[in-house]
Engineer: 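The structure is given below, and queries will be raised subsequently.
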Amino acid sequence: MANKVILHLRAEDKPLEARAALTPSTAKELLQTGNFEIFVEKSSQSAFKAEEYAAVGCKIVPEGSWVKAPKNRIILGLKELPEEKFPLIHEHIQFAHCYKNQAGWQDVLSRFPKGQGTLYDLEFLENDQGRRVAAFGFYAGFAGAALGVEDWAFKQSHSDDEELPGVTPYPSEAALVKDVKKSLDSAIAKGAKLPTVLVIGALGRCGSGAIDLLQKIGIPDANIRKWDMKETAPGEN
């Protein structure tokens, strides 16, 4: 046990953040190597249930317990920590959102040397080619395209000054696709023309996710304009 990497997945407390830095399926893969021990906090807002983590061998602990957890645990999170003053003694893996001079970055970073803790900021995790590893990816484009279609469908039957109501997290990709397709089909049934969608950066991670969503809800390729470096290189000329 002493040689194992001990991870502690903290519960996210940023409003509306239902994602997690570690999914049950990935936790299972890590545990199966025999090199990890994983503690997972109960969460009041995560899309994943504590039972899903327990089922693959994680140890469930109370929400917020990372603060008093043993120092040998690596605290794993997604979004930045809440604004507090106490020193940070652990190793933390997260998006700190401070290296671009966001408001309060000095306060965030000062907590680590005060507690002799360490920050591994996911925003600056790069591969050997200097490309960011943890950045907006396939599902960012997938979800963004879904919201775009939902907004388009909403505007077909509402005035311009009405805004799309807030959305809530979906439990799965299939549920999201089903709901967006329903909105699209409803707008078409009411007389709207099938939209033509422009995807800029179509060959990238986000662009490929956007295209996948559009195809899965039934928008034909003829209505998906795919632009990437070749198409945008000429600029205004």
Side-chain angles (χ1 to χ4, degrees), residues 11-21 23-24 43-49 52 77-80 82-83 94-95 97 100 102-104 122-123 132 134-236:
E12 301 292 331
D13 59 2
K14 191 166 186 176
L16 304 179
E17 184 54 78
R19 298 173 298 173
T23 65
S43 173
S44 57
Q45 60 189 56
S46 176
F48 301 105
K49 294 180 173 58
E52 296 180 74
L78 186 63
K79 307 299 283 188
E80 65 269 28
E83 295 182 7
Q94 65 191 48
F95 285 99
H97 294 158
K100 292 182 180 179
Q102 288 95 330
L122 291 170
E123 191 170 8
R132 283 182 59 187
F136 284 117
F138 181 90
Y139 279 104
F142 195 96
L147 286 173
V149 174
E150 283 281 6
D151 188 56
W152 173 87
F154 179 82
K155 284 182 169 55
Q156 303 312 302
S157 56
H158 295 77
S159 63
D160 292 340
D161 59 350
E162 292 183 83
E163 296 183 355
L164 177 71
V167 297
T168 55
Y170 285 88
S172 66
E173 176 186 313
L176 172 63
V177 170
K178 180 180 179 180
D179 204 27
V180 178
K181 188 177 188 323
K182 180 180 178 181
S183 296
L184 174 67
D185 292 345
S186 177
I188 299 300
K190 294 177 182 178
K193 294 182 179 180
L194 198 65
T196 296
V197 185
L198 172 62
V199 180
I200 299 177
L203 300 180
R205 291 176 294 198
C206 289
S208 59
I211 292 170
D212 189 56
L213 178 281
L214 296 171
Q215 292 173 334
K216 285 180 176 176
I217 63 173
I219 296 181
D221 280 345
N223 287 63
I224 305 175
R225 296 181 180 176
K226 305 169 186 177
W227 284 14
D228 208 87
M229 294 180 66
K230 178 181 177 182
E231 291 77 13
T232 59
E236 294 182 0

Engineer: Mind checking the NE2-CG spacing from His158 to Leu164? Nearest 0.5 Å is all I need.
Structural biologist: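 That separation rounds to 9.0 Å.
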Engineer: Under 4.0 Å between a Lys/Arg side-chain N and an Asp/Glu carboxylate O for Glu231 and Arg225?
Structural biologist: no
Engineer: If you look at every heavy atom in Val180 and Ala146, which pair is closest and at what distance?
Structural biologist: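 Where Val180 meets Ala146 most closely, the heavy atoms are CG2-CB, 3.8 Å.
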Engineer: Find the distance between CG (Leu184) and CG (Asp179) and round it off to the nearest 0.5 Å.
Structural biologist: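 One gets 12.0 Å once the value is rounded to the nearest 0.5 Å.
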Engineer: Is any side-chain heavy atom of Gln215 less than 4.5 Å from a side-chain heavy atom of Ile224?
Structural biologist: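 Result yes, sub-4.5 Å side-chain heavy-atom pair found.
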Engineer: Does the side chain to side chain contact (heavy atoms under 4.5 Å, CB included) test come out yes or no for Lys226 and Asp221, once each step is laid out?
Structural biologist: CA-CA 9 Å; Lys226 305 169 186 177; Asp221 280 345; 3.9 Å; yes
Engineer: Look up atom CG in Asn223 and atom CG in Leu198, then write down how far apart they are to the nearest 0.5 Å.
Structural biologist: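 That separation rounds to 12.5 Å.
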Engineer: Inspect the surroundings of CG in Leu16 and state if more than 12 heavy atoms from other residues, nucleotides or ligands are less than 6.0 Å away.
Structural biologist: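 No, the 6.0 Å shell around CG holds no more than 12 heavy atoms from other groups.
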Engineer: How many angstroms lie between NZ in Lys193 and CD in Gln156, if you round to the nearest 0.5 Å?
Structural biologist: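 Between atom NZ of Lys193 and atom CD of Gln156 there are 11.5 Å.
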Engineer: Okay, side chain of Gln45, backbone of Glu17: is any donor-acceptor separation there less than 3.5 Å?
Structural biologist: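 Confirmed, Gln45 side chain pairs with Glu17 backbone.
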Engineer: Begin with the C-alpha distance, continue with both residues' side-chain angles, and end with the deciding distance and a verdict on side chain to side chain contact (heavy atoms under 4.5 Å, CB included) for Ser183 and Phe154.
Structural biologist: CA-CA 8 Å; Ser183 296; Phe154 179 82; over 6 Å; no
Engineer: Does any part of the side chain of Phe142, heavy atoms only, come nearer than 4.5 Å to the side chain of Leu176, both counted from C-beta?
Structural biologist: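 When only atoms from C-beta onward are counted, Phe142 and Leu176 do touch, with a gap below 4.5 Å.
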Engineer: Please report the interatomic distance CG(Asp13) to CD(Glu80), rounded to the nearest 0.5 Å.
Structural biologist: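 If we round to the nearest 0.5 Å, Asp13:CG and Glu80:CD are 9.0 Å apart.
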Engineer: Provide the closest heavy-atom pair for Leu78 versus Ala20 in the form atom of the first, atom of the second, distance.
Structural biologist: CD2-N, 4.5 Å
Engineer: Taking all heavy atoms of Pro220 and all of Leu194, pick out the closest pair and write down the distance.
Structural biologist: CD-CD2, 3.3 Å
Engineer: Grab the two heavy atoms, one from Glu150 and one from Tyr170, that are nearest each other, plus how far apart they are.
Structural biologist: OE2-OH, 4.3 Å
Engineer: Would you say that more than 12 heavy atoms from the other residues, nucleotides or ligands in this model lie under 6.0 Å from the CD of Glu162, or not?
Structural biologist: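 Counting neighbours around CD of Glu162, more than 12 heavy atoms of other residues, nucleotides or ligands fall under 6.0 Å, so yes.
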Engineer: Please name the pair of heavy atoms, one in Asp228 and one in Gly204, separated by the smallest distance, quoted to 0.1 Å.
Structural biologist: OD1-N, 3.8 Å
Engineer: Is any side-chain heavy atom of Lys182 closer than 4.5 Å to a side-chain heavy atom of Ser186?
Structural biologist: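 The answer is no; the side chains never approach within 4.5 Å.
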Engineer: Taking Glu12 for its side chain and Lys79 for its backbone only, find out whether a donor-acceptor pair lies under 3.5 Å.
Structural biologist: yes
